[in-house]
Amino acid sequence: MAVGGRTRRARADGRLATGSATGSPPSPESVAEVRGAAGAVPVLVASGTSLGNLASLARHADGFIVGTSVKVSGRTERRVDPARAR
């Protein structure tokens with residue numbers, strides 16, 4: 001796939017799989033597509049990770065970038081909620 005070639009040429013450290021907006025998760029199928037194109041570099045889910053979708057996304061991802069899910073009331077503009085972060 002051409003995307004994998006671009007990853008190598010750009011010397012990317014990883015590929016990100018995101019949803020359509022901040023806090024919106026990608027589908028497991030989208031993450032699988034990114035995984036297939038990423039070659040040897042890690043795939044990180046970069047939006048919308050929650051306890052409810054973690055297992056389905058983790059099958060194809062090497063890691064997760066979390067932010068909104070650990071904020072007060074799950075709102076991007078709020079501070080980190082220690083209880084949610086735990």
Side-chain angles (χ1 to χ4, degrees):
M1 198 172 211
V3 174
R6 287 196 303 264
T7 298
R8 285 186 296 279
R9 277 195 308 280
R11 297 184 185 179
D13 292 326
R15 300 286 308 218
L16 302 179
T18 67
S20 58
T22 300
S24 176
S27 68
E29 296 79 18
S30 293
V31 180
E33 184 177 347
V34 173
R35 165 82 285 148
V41 301
V43 172
L44 304 174
V45 175
S47 68
T49 301
S50 69
L51 289 176
N53 65 16
L54 184 63
S56 66
L57 298 174
R59 284 182 276 201
H60 308 290
D62 297 297
F64 298 86
I65 298 171
V66 295
T68 304
S69 66
V70 297
K71 301 285 185 90
V72 173
S73 301
R75 303 276 310 262
T76 302
E77 70 278 2
R78 296 200 174 160
R79 65 179 176 77
V80 171
D81 179 337
R84 289 177 79 125
R86 269 190 296 283

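- For the pair K71 (side chain) and T76 (backbone), a donor-acceptor distance under 3.5 Å is present.
- For the atom pair S69 OG and L51 CG, the distance stands at 7.5 Å (nearest 0.5 Å).
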Donor-acceptor pairs under 3.5 angstrom involving side-chain atoms of residues 55-65: please list them, not counting sequence neighbours.
from: S56; atom 1: OG; to: N53; atom 2: O; distance (Å): 3.1
from: D62; atom 1: OD2; to: R35; atom 2: NH1; distance (Å): 2.6
from: D62; atom 1: OD2; to: V43; atom 2: N; distance (Å): 2.8

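- The structure places CG of L44 at 11.5 Å from CZ of R15, a figure rounded to the nearest 0.5 Å.
- One finds the CZ atom of R78 at 4.5 Å from the OG atom of S73 (value rounded to the nearest 0.5 Å).
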- Start with the C-alpha gap between V31 and V45, add the side-chain angles, then the distance that decides, and say whether side-chain contact (heavy atoms from CB on, under 4.5 Å) holds. CA-CA 7 Å; V31 180; V45 175; 4.1 Å; yes
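- Shortest non-hydrogen contact noted between S47 and G19 is OG-N, 2.8 Å.
- Under the 4.5 Å side-chain criterion, counting only non-hydrogen atoms from C-beta, V70 is not in contact with D81.
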